[in-house]
Structures are given as C-alpha cells and as structure tokens.
S.K.: 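So that we are looking at the same thing, I have put the structure below in structure tokens.
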Amino acid sequence: MKSIAIFASGTGSNFAALQAKFGDDQSGIHIACMVCDHADAPVVGKAKAAGVPVITINYRDYPSKAAAEAAIVAALPPVDMLVLAGFMRILGPTLLDAYPQRIVNLHPALLPSFPGRTGIEDAFAYGVRVTGVTVHYVDAGIDSGQIIAQEPVRVLVNDTIDTLAARIHAVEHKLLPETVQQLLEQD
Ligand code: GAR
C-alpha cells in the first residue's frame, strides 16, 4: 500500500476526485491526510466528511515560511507522495528537501504558459484557442518543475470563463488521480 498526503487551500473539488478514486484503499493507494492552510476552507469539511485526518497550518501563527513548513513536516505521517491539489503557496526548501521528487502539483493551464494563481483567467484573457491541464513536479519556482502529464482543452467560441473553467476542472478531476496512480505504480 502506498500513501499520499493531499495539500489544498480552497474548494477541494480535486480532493474530492482523489478521494473518489482512492478513498476505499482498493486501488492500493491510501490518503493518509489532508493538509490545509485555511481552517475555514470548504476542503476541510470535505476531508472530515470523508474521514480523512486534517492537518491545518495557519502560516500566520509562525514566524516564517520555514517554520510553518517545519511544522507540516513534523505533523505529516509517513507518505510516499505529497499531492498539491489547489494548494496556493510556493513551497520553500524545508518541504522540498524533505520530499525530493515526491511532490506533484496540479495546474489549470498548459505550462510553461500561464503559471500562477489565475491560469484559467490568464489563458482566456490572452485569447488562446487551446489551453489545458498540467501535472508537474514541484520545485522552488512558480509552476516551473518538470512536467509529468498534460491534457489539452479547447477554448470554444462561445466560452465564458465559467464554461471553460468547468471543462478544465473536469479534465483535472481525471488527470490528477490517474497521474498519481501511474507514478506510484511505477515507484
Ligand atoms: C484547481 O483548478 C487547480 O488547478 C488550481 O486551483 C484549483 C483548485 O480547485 N491550482 C492552481 O492554480 C495552482 N497554481 P479545487 O479546490 O476545487 O480542487
């Protein structure tokens, strides 16, 4: 059995997709915990409802990012991979060095285009006809680590941000769990 920790900050639809695929442990992958940097984020309720242990870290309670990350490292159970599913923070060396090549992130655009917090909006505003979803290893940059998997999503003529975002999220909900499973099966 492999195990993962999911990191998330907000809605948690990707947490829910990972939970749907791995929650019964039948796949050989166990969700050991969910780490959140906002105690009142909707993803916290989703994790609790699913019986997944929640580690909440309020970065403002710590003197530095390194101290907050050290608290996360200390609180984490043994896991094979950290899966960032909408975790809206740049990781520092404390977490990166504790899990070398074992942290993956989901991004709602085709990197290296449109990194950052607003990948869907930025791609839409630029006017690209194709955008998509990326899963990549995390390094010290902003959405800059080695790409593992990508899937394109066409921008349709009548798309709004909302209709485009809905199709991107649907792709995310398949691509992230599948990629995590493939990586851990190869491990
Ligand atoms: C997802 O679209 C994910 O790709 C994005 O945050 C959203 C979280 O949604 N991440 C980034 O933009 C990282 N740069 P969720 O909370 O419903 O899973």
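In each ligand, atom 1 is the first atom listed, and ligand 1 is the first ligand listed.
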S.K.: Looking only at protein heavy atoms, which one is nearest to atom 8 (C) of ligand 1, and how far off is it?
M.R.: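 In this structure, atom 8 (C) of ligand 1 has Gly86 CA, 3.6 Å as its nearest protein heavy atom.
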S.K.: Which of the atoms in ligand 1, numbered in the order shown and given with their element, are less than 4.0 Å from a heavy-atom of His169?
M.R.: 2 (O)
S.K.: Within a distance under 4.0 Å of any heavy atom of Gly116, pick out the atoms of ligand 1 and give their elements.
M.R.: 12 (O), 14 (N)
S.K.: Identify, by atom number and element, the atoms of ligand 1 in contact range of His107, meaning under 4.0 Å from any of its heavy atoms.
M.R.: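 Here the atoms of ligand 1 in question are 4 (O), 13 (C), 14 (N).
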S.K.: Within the structure, does Gly12 bring an N/O atom to less than 3.5 angstrom of an N/O atom in ligand 1?
M.R.: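 Gly12 vs ligand 1: N/O contact under 3.5 Å present.
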S.K.: Please enumerate all residues that pass salt bridge (charged side-chain N to carboxylate O under 4.0 Å, His left out) together with Arg89, with sequence neighbours excluded.
M.R.: Asp37
S.K.: Answer yes or no: is there an ion pair linking Arg129 with Asp159, defined by an N-O contact shorter than 4.0 Å?
M.R.: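 Between Asp159 and Arg129 there is no salt bridge, as every charged N stays at least 4.0 Å from the carboxylate O atoms.
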S.K.: Taking the six-membered ring for Trp, are Phe87 and Tyr59 parallel (under 30°), tilted (30 to 60°) or perpendicular (over 60°)?
M.R.: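 Tilted: the ring planes of Phe87 and Tyr59 meet at 30° to 60°.
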S.K.: What is the nearest protein non-hydrogen atom to atom 6 (O) of ligand 1, stated with its residue, atom name and distance?
M.R.: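 Checking every protein heavy atom, the shortest distance to atom 6 (O) of ligand 1 gives Met88 CE, 3.2 Å.
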S.K.: Please identify which of these residues, Glu172, His173, His169, meets the side chain to side chain donor-acceptor pair (under 3.5 Å) condition with Ser13.
M.R.: His173
S.K.: What protein heavy atom sits nearest atom 17 (O) of ligand 1, and how far off is it?
M.R.: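 Heavy-atom neighbour on the protein nearest atom 17 (O) of ligand 1: Ser13 OG, 2.6 Å.
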S.K.: Report the distance from atom CZ of Phe7 to atom CG of Asn14, rounding to the nearest 0.5 Å.
M.R.: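 Answer rounded to 0.5 Å: 15.5 Å.
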S.K.: Please identify each residue that fulfils salt bridge (charged side-chain N to carboxylate O under 4.0 Å, His left out) with Lys21, with sequence neighbours left out.
M.R.: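 If we apply the salt bridge (charged side-chain N to carboxylate O under 4.0 Å, His left out) test to Lys21, skipping adjacent residues, there are no hits.
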S.K.: In the protein, which heavy atom is nearest to atom 9 (O) of ligand 1, and how far is it?
M.R.: Asn14 ND2, 3.8 Å
S.K.: Identify the closest protein heavy atom to atom 3 (C) of ligand 1: which residue and atom is it, and at what distance?
M.R.: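 Its nearest protein heavy-atom neighbour is Glu172 OE2, 3.3 Å.
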S.K.: To the nearest 0.5 Å, how far apart are CG in Leu164 and CD1 in Ile120?
M.R.: 6.5 Å
S.K.: Test of understanding: given a 4.0 Å heavy-atom threshold, classify the contact between Asp143 and ligand 1 as side chain, backbone, both, or neither.
M.R.: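 Side chain only.
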